[in-house]
Amino acid sequence: MTIAEIRGKISDTNLSEMREDLLTSDIFGSFRYLPPSTGVLPFLQTAKTIDGRPFALDMEVQHVHWSFWPWLNRKGYSDCEPDVVIGLEGDEHRTHVVMIEAKYWSPKSNSKEGDDSEGKDDSPGDQLAKELDCLQGVRPTDLKWDSKLSIVSRDLVFVTEHVVLPRPDISESLEAYRLKNNAESPIYWTTWRLLPRIIERQIAGTSDVYQRNVLEDMLQLLRRKALTMFEGIDPVTTYFPREKFAFYFSGPKVNVYKWPRFSPIPEEVLAYRYRRGAHAR
């Protein structure tokens with residue numbers, strides 16, 4: 001967790017290109033130090049496909065393996081550098097691999113840079129399609145994990161700051177992958193904005209002071225970056241005396257509002273009713 005970022009000590013100018021990686025490092029790096037049931041799993045379980053299918057596991061996770069920004073270039077598959085690759089290990093070394101592509105301000109890439117020089121003209125240029133292709137060939141040793149791990153399933157999760165699923169972006173990537181591979185494979189999506197509520201529940205449910213410290217830092221960071229969903233409005237604390245505020249309905253199609261020039265807070269809270277077609281009562 002970058003405490004300096006929470007405290008506003010990192011300049012937006014000299015780190016403008018790193019903000020996305022910094023956010024990924026802060027959040028997924030913190031997940032690494034939390035039990036999977038407290039951090040990464042609840043977040044992954046908010047992900048869904050374009051047709052609404054939720055992310056799900058058919059195993060109990062006993063251990064989590066991590067690889068940050070690995071360069072993957074296995075022959076026969078697209079080259080890629082995903083933000084994070086997570087190995088969710090169950091019994092008998094059965095492992096579900098989750099590749100994470102995380103965005104903050106920037107959109108996904110649609111360039112084909114590097115493909116022609118490698119003689120891979122048929123590689124998808126779309127970033128998510130390329131990573132989906134790359135995911136199919138990844139092995140534990142490519143990620144410097146134990147060779148005993150047996151990969152039984154693989155998923156790509158796209159994390160963004162959107163409030164709703166970015167359907168056009170994901171549809172474009174799915175089509176690019178289908179055209180290259182003549183096959184279908186899902187892309188899951190979730191948003192950073194769902195994470196604060198998860199963290200709040202985990203804070204309320206833990207008595208471990210060390211886990212609480214990590215969770216509180218994550219929550220503070222996400223709120224500082226305004227990566228939250230709508231959380232309601234602040235209670236009204238300023239009230240206007242009758243002579244300072246009036247509402248008029250002046251006709252069938254015309255509304256005229258007269259707002260107060262001042263907004264003093266009276267000692268007593270007064271309530272007024274407003275009637276259609278008449279002055280405030």
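- Taking every heavy atom of both residues into account, Gln202 and Leu215 meet most closely at CB-CD1, 3.8 Å.
- Shortest non-hydrogen contact noted between Ser147 and Thr141 is CB-CG2, 3.9 Å.
- For Asp142 and Arg74, the salt-bridge test fails: no basic side-chain N is under 4.0 Å from an acidic carboxylate O.
- Here the side chains of Glu216 and Ile203 are in contact, with some heavy-atom distance below 4.5 Å.
- When the options Asp155, Thr49, Thr190 are evaluated for a side chain to side chain contact (heavy atoms under 4.5 Å, CB included) with Phe55, the one that passes is Asp155.
- A salt bridge is absent between Lys103 and Glu161: the closest approach of a Lys/Arg side-chain nitrogen to an acidic carboxylate oxygen does not fall below 4.0 angstrom.
- What you find for Ala47 and Tyr188 is that their closest heavy atoms are CB-CB, 3.9 Å.
- The residue from Lys148, His65, His96, Arg94 that alone fulfils the side-chain hydrogen bond (donor to acceptor under 3.5 Å, both in side chains) condition with Glu89 is His65.
- Shortest non-hydrogen contact noted between Phe43 and Thr191 is CE1-O, 3.4 Å.
- A salt bridge between Glu200 and Arg223 is present, with a side-chain N of the basic residue lying under 4.0 Å from a carboxylate O of the acidic one.
- Closest heavy-atom contact between Pro186 and Leu132: O-CD1, 3.6 Å.
- With respect to Ile86, the side chain to side chain contact (heavy atoms under 4.5 Å, CB included) criterion is satisfied by exactly one of Phe28, Phe31, Phe68: Phe28.
- Between Lys108 and Glu101 there is no side-chain heavy-atom pair separated by less than 4.5 Å.
- Heavy atoms only, all atoms of each residue included: Ser185 and Gln136 are closest at OG-NE2, 3.7 Å.
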